[in-house]
Trainee: 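One structure coming up, written as structure tokens, with questions to follow.
Each chain gets a letter, A, B and so on, in the order its sequence line appears, and its residues count up from 1. Computed from heavy atoms alone, side chains included, the values below leave out hydrogens, waters and symmetry copies. The structure presented is a predicted model; accordingly, all values stated were derived computationally and were not measured.
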There are 2 protein chains.
Amino acid sequence: MTHEQPSDQHRYHHGDLENTLRSVAADLIAERGVAGFSLREVARRAGVSHAAPGHHFGDASGLLTAVAIEAFTHLREATSAAIEGVDDPSDRLAMLARAYVEVATTNPGHCAVAFRHDLLNNDDPALLAAGDQAFAVLSDVVQHVADTVNPDLDVINTSRLCWSSMQGLIELHPSMTVVSKHRGEAAPPPIGDLAEIMARQAYAGFEP
Amino acid sequence: MTHEQPSDQHRYHHGDLENTLRSVAADLIAERGVAGFSLREVARRAGVSHAAPGHHFGDASGLLTAVAIEAFTHLREATSAAIEGVDDPSDRLAMLARAYVEVATTNPGHCAVAFRHDLLNNDDPALLAAGDQAFAVLSDVVQHVADTVNPDLDVINTSRLCWSSMQGLIELHPSMTVVSKHRGEAAPPPIGDLAEIMARQAYAGFEP
DNA sequence: ATCTAATCTTGGCAGTGTCAAGATAGAGTG
DNA sequence: CACTCTATCTTGACACTGCCAAGATTAGAT
């Protein structure tokens, strides 16, 4: 991905600036973190003037919202692909958890902004729809547990538990590594493995 | 808390500027979010010059690290107080979970920066120690489950599951409200209640 | 009483988001 | 083809930010 024009170096009209800016923004955030993100740096990397992003996305939160929408789309695609053909309800949950955290670490730029309500336009209908569709995949998997194993399961709150666990793991995995090192314990497993372990542990419960 | 001198309005030496700045910073973040935080605004609200915070904390991440340390201290105090005198392992976990999320919502400014590795000085020994001590309370509660109910429990990874669930809930509760509204479902319970529900659900497992 | 070091201020530089106004070019109409 | 219209992008400006260096002020020790 070069974000450049094919032949003519400096056409006045870029042609596909909107997608380019979104892609460059995600890369920039992945590289320097949310704090290192700036509209002007995005514009520089895309080879356009410093005010061009503002024209397409209104302001910084507009561009970040576009990145977040893409994040939810990735999330939905990866999780629904991961549970394809998996029937056992516990396995389904484990596969979904692994896919969830791995797509987040594969696309760190997207993931870093997806739930940052302080940076996004939370009223954006496209954002709401994308988030809803991503959550629906998880909700269906938990519903599948209820249908096949436990009709008394509190589906909605169990879905919230699973969602929180996965999202919390993404946020805390660096801290877990730091804490383990500080206590002289072994480092935590890779995030995908740990997601699967946690999903199975929650599914099985804490009692024998 | 006025952040002002008692008698003399403008003494050159503030007297307790370090604590004042930390307190003002937490208030500011609670009010405007992390994005609305700035060293200069903190200085203005504390009634000192724009470079005074830099003298005490080096840079922005230094001040935010101090806020994060205070966050972990609050977390440790609240959680260890919440499990005082509670013996049943499931109840202990539920009480801890409730206390965890409620202290985070009571001190939103502190909570918003506690795990923001991109904004903090992650090598700060005081930060490491404070985080470690907060995690120890949770780890002990899970160990208590192993000791009294299930000696085969994977204590460390179950602790990580609980920690992720609570932290994820804090991050996602606003999104849960939005998603529920968008799907026409009932709003999620208050965050403290939901934390307790989730803790008991994980403890009991998903099967009947 | 004097010296020293900590504390805080002032001034300045480079960088930022956002706005308004202007320049450019594509698309459609006669 | 000439023409206008509109979306796209640039330029310039303003107020704001973090951070650094140098100076002013004061507390505390000698």
Trainee: Give a yes or no on whether a salt bridge exists between A:R92 and A:E84, defined as a side-chain N under 4.0 angstrom from a carboxylate O.
Mentor: no
Trainee: Using a 4.0 Å heavy-atom cut-off across all strands, classify B:H50 as base, sugar-phosphate, or nothing.
Mentor: base
Trainee: Is the phosphate of D:dT17, meaning OP1 or OP2, less than 4.0 Å from a side-chain N or O of B:R44?
Mentor: yes
Trainee: How long is the line joining CZ of A:R45 and P of C:dT16, in whole Å?
Mentor: 11 Å
Trainee: For D:dT17 and B:S38 - does any side-chain N or O of the residue sit under 4.0 Å from the phosphate oxygens OP1/OP2?
Mentor: yes
Trainee: Can you tell which of C:dC8, C:dT18, D:dT17 lies closest to the side chain of A:A60?
Mentor: C:dT18
Trainee: Tell me: NE2 of B:H55 to C1' of D:dG23, nearest whole Å?
Mentor: 14 Å
Trainee: Can a side-chain donor-acceptor contact be found between B:S180 and A:R160 if the only test is distance below 3.5 angstrom?
Mentor: yes
Trainee: Using a cut-off of less than 4.0 Å, is there contact between a side-chain N or O of A:H56 and OP1 or OP2 of D:dC9?
Mentor: yes
Trainee: Less than 4.0 Å between a side-chain N and a carboxylate O, is that true for A:E18 and A:R22?
Mentor: no
Trainee: Please determine, by modelled atom types, if A:N121 and A:S61 share a side-chain donor-acceptor pair under 3.5 angstrom.
Mentor: yes
Trainee: Rounding to a whole Å, what distance do you find between B:L21:CG and C:dT7:C1'?
Mentor: 12 Å
Trainee: Can you measure A:R32 atom CZ to C:dG15 atom P for me and round it to whole angstrom units?
Mentor: 12 Å
Trainee: Please report, rounded to the nearest Å, how far the P atom of C:dG17 is from the CZ atom of A:F57.
Mentor: 14 Å
Trainee: From CG of B:L17 over to C1' of D:dA27, roughly how many Å is that when rounded to an integer?
Mentor: 15 Å
Trainee: Separation of B:E41 atom CD from D:dT17 atom P, in whole Å?
Mentor: 7 Å
Trainee: When the distance from CG of A:D59 to P of D:dA15 is rounded to whole Å, what number comes out?
Mentor: 20 Å
Trainee: Have a look at B:A52 and say if it touches a base, only the backbone sugar-phosphate, or nothing, with a 4.0 Å heavy-atom cut-off.
Mentor: base
Trainee: Is A:R98 paired with A:D193 through a side-chain N to carboxylate O contact shorter than 4.0 Å?
Mentor: yes
Trainee: Would the base of C:dG17 count as contacting A:R40 through its side chain, where contact means a donor and an acceptor less than 3.5 Å apart?
Mentor: yes
